[in-house]
Structures are given as C-alpha cells and as structure tokens.
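What follows is one structure encoded as structure tokens, with my remarks underneath.
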Amino acid sequence: MSPDLAVLNGLVEPLQYAFMQRSLAVALMVGIICSVVGSYLMVQRLALLGDAISHSVLPGLAIAFLLGVNIFIGAFIAGVISTVIIGWIHTRSPIKEDAAMGIVFSAFFALGITLITTIQKDNKIDLNHFLFGNILGVTAGEVRDTAIIAALVLLTVALLYKELLFYSFDPLGAQASGLPTGLLNAGLMVLIALTVVASMKVVGVILVLSLLIAPGATAYLLVPRLHQVMLLGAGVGVFSSVSGMYLSYYLNLPSGPAIVMVVSTLFALAFLFSPRYGVLMGPGRGRAWQKLQAILRPKDGVS
Amino acid sequence: MAPTPSITIDHLSVNYRDVQALRNVNLTVRPGKLVGVFGPNGAGKSTLVKAMLGLMPLVTGRVTYGDDLLAHQLNRVAYVPQRSQIDWTFPATVWDVVMMGRVQKTGWLHRFSVASRQIAKEALDRVGMAEFRDRPIGALSGGQQQRVFLARALAQEADIFCFDEPFVGVDQKTEAVIFQIFRELAAAGHIVLVINHDLGESITNFDQLILLNKELIAAGPRDWVLTRDNMTRAYGGHVGFFGHVA
C-alpha cells in the first residue's frame, strides 16, 4: 500500500465502527456551533463568561443524573442559573463582573465535583469524562441531543444575525434604535449554555473554552467580517475536533486535550503567518520573518 | 407628513452610581433647529441624552415626544454614541455598520430589502464614504469612522438624531461635512441634538444651546444662552471663552 493510501485507510477504517460514526457526527456538530457561538464571546470580550458557564454546568449534570433526568437538561439549567447569579451579584453589590464570575463558577464547579465524586462510587458515571471529554464514548441518545441543540443554535444565529451583529458591535446604539437588547443578551447566554452542554462529552467542561474562542480568534486574524469569522472559524473548529477524535482513537488520549492542542496549533500558525496581522508578516514586521527565512534557507554560499 | 413634535423633558433627575448626575431638568427640544448640548466634563451631557432615550433609569421625571413617552418610540431615534464606546477592532466593514441602521426598519426574521440597500448606499454617498464600503472599520481614520456612523444614523431615517461628541478625533474636512449634514437634517424639520464640548469657533454652527452643569443652566437661542453670567455658572471662573459672548 502506498503511504497516501495508508493515511486514507487510517482515517476511513475506524469509521466502520458505529461508535466512531457517532463520534464523527458529534465532532462535526460541536466544531461548528462552538466556533459560531464563541465568535460572539470573542467580539464582546466575554471569554471569561464562557469559562464561567462551562464550569457551572457540573452540579446540574450530577443532580439530573441522580433524578434520572436527561443530564443535558440539568447541565443547561445550572449554566443558565450561574449567569443569572453572576448578573445578580454584579448589579446588587459593588463587586465587579469578573470577580462575580470567579466566585460563582468556582463555587458551582466545586459543588459539581463533590456531587459527582460522591455518586460515582455507586453509579456508572465517570467524572473525568465530563472534565476532559470522551468523544469515543458518546451514545446514540447524545448524538440525537447534540443534533437538536446544533439545529436550534444555528437556526437562532441565522434568524437573529443582523440584530445580534448590531447588538454585539454597538449595544447602546442598538438599544437606542429600539432593539430589545436585554432579550438579545439573554438569548446569547442561552446559546452559550446550550453550546457548552453539547460540547461536554467532546472537549470536557475545563477545556471547552478553547473550542469556543480559538477557532473564532484564528479566523479573526484572517478575515474581516463577523460572518466570515464564523464560517472560517467553523472550518477550523471542525478540523480540530475531528483530528482530535482520531488522536484520541489512535493514541488513547482524552479527546479534550487532543482537540485543544490541534486548535491551539492552528491559532499559533495564524498568529505567526496571517497576511494582515501575522507577527512574521507584513511591512514593519518583515525583519523577524527574513531572519527566519535566512536560517531556513539552504546556505548556497557555504557549500 | 405630520410635522415632527417636540421632545418635552419634565422634572428629570438621574443618578449615576448613587451620585446625583442631573437635578430637576425641565426642557423642550424643538425640531428644525441645530441644538448643541454644552457643559464642563461631568456636567451630565451624555447622561441627559441617555436618560432621555431610556438607556439609563430615571430617578424622577418623564420625557415625552408627541403624546407618548420617548422611550416607547425609539424606532424614531438615531443615536451615535461616543467614539470611545465602540470597539474599533470589531470584525465589520463600513457596509456592515451602515446596514445596522436598517435593522430596526427591516424587522425580525426579514432580510434587508433592495430599497434598504439603496438607502444605505445613498447615506454612504452623502457622507462621502462610498469608496470605503468594503474597508474594515478599524482601517479608517477617526474622521472617516465618524462619517460612517453618521451614514448609519442617516440610514435609520429617524425623526430624532442624537450625537454624543461627534467631533472628537475628527479632521477639519470631516467636521465641515458633518456640520453641513446636521444643518440639512435640521432644515428638513428633524430634531438634531449634538453633545459637544468645544467652545471655539464651531459653536456658531448651533442655532440653540443647552447649557448644563449637573442642572440646567440655560437653554434657548445661542446668543441668549451665551452670556457671561451663564458661562460662569456652568464653567466656573476659568473658562477661556469670551469671544462670542453677547
């Protein structure tokens, strides 16, 4: 077999297993919605909020598991409650928003870890899978739930695109033109919570922030408009989550760290080589690039 | 078309973080005039406009436009915030920003119509920025950015135009373009309210002035407001402006 065919075979062969097909489906969907929703977080400078919501879903997940309810629903409710409490502390006291986030998400996270550690002694539930992702272990039910969430998220973003663009760029101007910015903001929080919940099994709650922010940030260095950032970001997100899935399969890694290492590498490449913003590119930035080229170039004068 | 009514501000008091920012302002803003809002830093100029539009809570008072609260008729308002409020690294082009002016008129779940695009295009032409349509907003000069925001306001086809410090970081050419359009808007019978702080020559562009310092000092025709006594009450004894004082 030629090397090319061997690579192709290495990619296709695992897909004969049903569990790999489920993993691939979830990787595709999560790669897309994380990048799209995460683009709003990035442009609104709310990256920390993504982190807060993702850490806050754990207790809801544990309680739902104990009650025999769909864990996605429990996790979603906990995520939304955490944003409400953060907002409440922030508006009703002199505590700043980032401090409120730090307090709330670590409290929720601690409660979640405590609950799951307690119940996992008697039940088939593995804390590590929620912390670091276990894409190869998704069930058919989780594929279905992820598909429902993905459809909901993408439909909402498509239908409210122009309003969300105005709001996220100029909230005051949008409010002054009569848009219900409070509702738009709440809608955005719900989208983020849904996306985090759908991504739990893929990247895990600790690292989901990376899949939310890095694809959009990578695309932002390459294209100038928000919808382009979302589309290119979705490509970056899908590439990362799918390659992370294969790394997880072949190297027996937790899927979260594998995916995050891929997407971080892509960001690093854009950071160095983006035609507009790349550290090694463009006028005035040429010196480092020329030096690097000089080092890499075969030294014709020497031989 | 019915003539634009006036805005009536009645016993308006506003707090900013538990500190009183404006006390008991009573004021009528009439259409057809270019109205400047002046006062020292921290006088409550931005607060007045934001409170009028319901963007911050009132402690007392009400602001009406025609028969209803102005805050209920924001679809008739175009507001341009201070430059510093905007993230200029946002991934949007000039065209994206101007089309934001058509969002409210287009309505939920609808795509921008051909007519909307035409209106946005004409607004960009009017401020002389048509050739910059596809530029990222971050790649423009301060004056160009302000003209794009003016185009967005024009595209809103509003009856009430409010601008917060539109001349900050703006070149001479842009200042002339913007004042020209402000005058045209006023002449067309709109309400045009402009927050400014420059007491230099440009003040002569305004027909009417509102002078604030945590309360209303004076409001009315320019020469009537610009008295030594009013200026001292607004700015204290240290104002380097007497050239135009009546």
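Note that these values count all heavy atoms, side chains included, but never hydrogens, waters or copies made by symmetry. Since the structure is predicted, the reported quantities are computational estimates derived from the model, not experimental observations.
Taking the six-membered ring where tryptophan is involved, the planes of B:Phe149 and A:Phe169 are tilted, since the angle between them lies from 30° to 60°.
Proximity to chain A is absent for every atom of B:Ala78, based on heavy atoms less than 4.5 angstrom apart. Using a 4.5 Å cut-off between heavy atoms, B:Val80 makes no contact with chain A at all.
Residues of residues 136-146 of chain B having a heavy atom under 4.5 Å from any heavy atom of chain A, listed by number: B:Pro136, B:Ile137. Contacts of residues 82-102 of chain A with chain B at a heavy-atom distance below 4.5 Å are absent; not one residue qualifies.
Annotation for B:Tyr16: atom OH does not count as buried by contact number, only 12 or fewer foreign heavy atoms lying within 6.0 Å. Around atom CZ of B:Phe179, more than 12 heavy atoms belonging to other residues, nucleotides or ligands sit under 6.0 Å away. The environment of CG in B:Asp68 is crowded: more than 12 heavy-atom neighbours from other residues, nucleotides or ligands sit within 6.0 Å.
The minimum heavy-atom distance between A:Lys162 and B:His110, with the atom names listed, is NZ-O, 2.9 Å. Taking each heavy atom of A:Tyr220 and B:Thr89 in turn, the nearest pair found is OH-O, 2.6 Å.
Considering NZ of B:Lys50 and CD of A:Gln175, their distance stands at 10.0 Å, rounded to 0.5 Å. Note: A:Ser177 OG to B:Arg76 CZ = 14.5 Å, rounded to the nearest 0.5 Å.
In this view, A:Leu226 and A:Ser39, A:Tyr40, A:Val43, A:Tyr161, A:Leu165, A:Met230, B:Phe90, B:Pro91 satisfy the side-chain contact (heavy atoms from CB on, under 4.5 Å) rule, not counting sequence neighbours. Among residues two or more places apart in sequence or in another chain, the ring pair (Phe, Tyr, Trp, His ring centres under 6.0 Å) test is passed with A:Phe105 by A:His55.
Counting heavy-atom pairs under 4.5 Å between each of B:Asp87, B:Val77, B:Leu53 and chain A puts B:Asp87 at the top. Counting heavy-atom pairs closer than 4.5 Å to chain A, the top-ranked of the candidates B:Asn75, B:Leu55, B:Leu109 is B:Leu55. Across A:Thr181, A:Val223, A:Leu179, the residue that shares the most heavy-atom pairs under 4.5 angstrom with chain B is A:Leu179. For the options B:Met99, B:Arg152, B:Lys105, heavy-atom pairs under 4.5 Å to chain A are most numerous at B:Arg152.
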